[in-house]
Structure formats: C-alpha cells, structure tokens
Amino acid sequence: MTTASAPGKIILFGEHAVVSGATALGGAIDLRASVSVQDRPGGVVVSTDDLMLKGFSLDLQSGRLFSSQATHAVRYISAVLREFGAHDVEVRIDSSLPASAGLGSSAAIVVAAVLAISSHQGSSLSLKEIAALSFRLEREVQEGLASPTDTALATYGGYLKISSQISPLDLPPLDLVVGYTGVPHSTRSEVEKVQKLKKKYPELIDGIFQAIGTISDRAQPLMVDQNKAELGELMNINHGLLEAIGVGSRELCELVYASRGAGEAMGAKITGAGGGGCMIAIPGPTGEEPLITAIRQAGGRPFATTMGQEGVRLEMEA
Ligand code: PMV
C-alpha cells in the first residue's frame with residue numbers, strides 16, 4: 001500500500017483581486033487529505049468513510065455512488081487514475097478538510113493522489129512535476145476555472161506569494177482560528193459575480209483590487225515581524241473591501257463580528273471566494289479560547305490552525 005498526504009490552504013490576503021493580477025498571500029494549514037493506493041485485481045474501487053466527504057463507497061465499473069461531495073472527490077481521483085493509466089487498484093481517501101469551503105480540499109486530494117499513484121507505479125516525480133500535473137488535472141475537472149494557488153500550496157506547503165507568478169515566501173508559522181459557516185460555496189460563481197461587477201464599474205473595482213494588492217504587499221514584512229496588531233487591521237480593511245465587491249454573506253459577517261467582539265480577535269476577514277465557506281481571525285492577547293467560543297455561539301464551526309505547514313509527503317510505502 002502507498003499513502004501520500006497533502007495540506008489544505010488558507011488565503012490570508014488578496015482573494016478575487018488576484019484573479020485580475022494583484023498580489024495574494026496564502027499558506028498551507030495543518031488539516032490534510034490523504035490518499036492510499038493498493039493493488040486490487042479485477043477493477044478500480046474508490047472508497048472513504050470520511051465524515052467530511054459524507055461517507056460513500058463506489059465501484060467505478062458499476063457506477064454505484066452516494067453523496068454529492070463524494071462524487072466531487074471521485075471525479076478528481078478518476079482524472080488522476082486516467083492520467084496514470086492505473087487499473088486493478090483500490091484507492092482510499094481520508095480528508096479532514098470540509099469540501100467547497102475555500103480550504104483547498106480538492107487540490108489536496110489531487111496532489112496526494114498524484115504522489116500516491118505515481119509512487120505506487122514506481123515513478124518518482126519532482127515537486128515541480130507534481131504541482132504542474134495536479135494543476136492541469138484540477139483545472140480539467142473544474143472546466144478551466146482553477147487557479148494554480150491551491151495545488152501549489154498543497155504541493156510545496158509553507159507560504160506562497162501569488163501574482164503573475166507563484167513564489168515561495170520564508171515566513172514564520174502564524175496561529176489563526178478558522179470559522180466555517182457550514183454553507184458550501186462555489187468559487188466559480190463568486191468569481192463570475194465579481195468579474196461581472198468589474199465589467200460594469202471598472203473604475204471602482206480596479207481601485208478596490210489595487211487596494212487589496214497593496215494590503216498583501218504590506219502584510220509580508222508584518223508577517224516577518226509577527227506584528228499581529230497591524231496584520232489584524234489589514235484583515236479588517238481587506239474584509240471591508242471583500243464586502244464592497246459583494247462576496248460577503250450574513251453568516252460570514254456574523255462570525256467576523258463575533259470574532260472581533262466577544263472573541264477579542266486582532267482582526268478577522270473572509271478567506272477564499274466568499275458567499276459561504278470560511279472566515280479567519282487572529283487571536284488576541286487572551287488567546288484562541290474566547291475566539292473559538294464566540295464563533296461557535298454565532299453559529300459557526302471553529303477550529304484553530306497554524307499556517308506554514310509541510311507540503312505533500314509520502315506517509316507509507318510498502
Ligand atoms: O476556492 P477558494 O474559496 O479558495 O477561492 C479562491 C480564491 C479566488 O481568488 C476567489 C479565486 C482564485 O482562483 O484565485
């Protein structure tokens with residue numbers, strides 16, 4: 001059996017503006033997806049009893065399947081299996097990342113699958129090859145609308161600066177609390193909505209995107225200095241700008257305001273495409289406990305995470 005795992009991700013600053021060329025800043029988190037491959041003569045079976053994927057078992061030949069989130073995961077695994085011409089194998093997915101929440105769950109599954117399946121076949125791909133292939137496969141499944149951010153973060157881990165190209169950043173770990181609204185979102189429709197607004201009000205939205213890019217640039221030295229007070233202020237400004245371009249929601253706002261109020265956060269914002277999904281907050285001097293309680297009381301699902309985690313890795317090869 002060969003098992004590989006890859007991390008999910010969080011976008012700290014710059015979502016949406018990055019689609020139009022502004023800088024964004026993202027990092028890998030400590031929630032991971034793992035994919036195991038073993039020989040199984042007579043067909044291809046993909047399975048998971050993972051709660052995040054709502055439990056399913058599927059035989060690709062008979063086509064029997066339960067759960068739409070699971071269908072999603074299986075489409076990515078099938079693309080990887082096709083790419084490597086793999087057959088007579090059983091693939092198992094375990095993920096602690098909620099799907100469609102802006103935490104890079106599908107990229108983590110694709111990247112872990114590329115490493116697990118290629119290693120199982122005896123080939124050894126470089127990180128660059130894994131990132132490039134995973135991006136191509138994710139984009140194929142998502143019909144052209146994936147950015148390379150998630151697959152690059154799942155592959156390399158750490159932190160990345162994303163603009164016209166993707167470059168690694170050497171930054172210290174950052175503790176955050178994430179609040180999941182429980183509302184799945186579609187990155188595609190949020191991006192389409194924002195781009196439509198940009199077409200209608202180019203002089204307004206261009207200015208907002210430029211301001212968001214400036215926030216990403218200003219955040220980098222603050223990350224080096226661990227200046228959480230100013231990073232928190234930048235998060236609050238970035239959140240307001242995301243609200244302005246229409247990707248907020250009542251649920252997200254409630255979690256953001258609960259974090260800044262009872263949660264005593266240094267700052268809080270939407271992360272990812274918005275419209276649902278997750279928000280993030282930097283814990284204040286009283287730590288993560290009040291923040292976790294405040295997010296839970298506001299109806300969210302909180303968890304603490306540390307950014308800057310390791311990228312894809314082999315867990316087991318036997
Ligand atoms: O899929 P999400 O929720 O992590 O959002 C991705 C960030 C966007 O800037 C909205 C889209 C992109 O491809 O960069």
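For ligands, and for the atoms within them, numbers begin at 1 and follow the listed sequence.
- Taking a cut-off of under 4.0 Å to the non-hydrogen atoms of Ala273, the atoms of ligand 1 that pass are 2 (P), 3 (O), 5 (O), 10 (C).
- Heavy-atom proximity to Glu15, at under 4.0 Å, picks out these atoms of ligand 1: 9 (O).
- Using a cut-off of 4.0 Å between Lys/Arg side-chain N and Asp/Glu carboxylate O, Glu83 and Arg136 are scored as salt-bridged.
- Close approach of ligand 1 to Gly102 is summarised as follows: ligand atoms under 4.0 Å from at least one heavy atom of the residue are 2 (P), 3 (O), 4 (O).
- Checked for salt-bridge contact, Arg92 and Asp94 meet the test: a charged N lies under 4.0 Å from a carboxylate O.
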Output a table of donor-acceptor pairs, distance under 3.5 Å, between side-chain atoms of residues 283-301 and any protein atom two or more places apart or on a different chain; print 'none' if there are none.
| from | atom 1 | to | atom 2 | distance (Å) |
| --- | --- | --- | --- | --- |
| Thr286 | OG1 | Glu264 | OE1 | 3.0 |
| Thr293 | OG1 | Glu289 | O | 3.0 |

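- Looking at Lys198 and Asp206, a side-chain N of the basic residue comes within less than 4.0 Å of a carboxylate O on the acidic one, giving a salt bridge.
- No N or O atom of Leu103 sits closer than 3.5 Å to an N or O atom of ligand 1.
- Numbered from 1 in the order shown, with element, the atoms of ligand 1 that lie under 4.0 Å from a heavy atom of Val18 read 9 (O), 14 (O).
- Residue pairs meeting the side chain to side chain donor-acceptor pair (under 3.5 Å) criterion with at least one partner in residues 6-15, sequence neighbours excluded, are Lys9-Asp150, Glu15-Lys269.
- With respect to the salt-bridge test (charged N to carboxylate O, under 4.0 angstrom), the residues Arg250 and Glu254 qualify.
- Residue His185 has at least one heavy-atom neighbour below 4.0 Å for each of these atoms of ligand 1: 3 (O).
- At under 3.5 Å, not a single nitrogen or oxygen of Thr149, backbone or side chain, sits near a nitrogen or oxygen of ligand 1.
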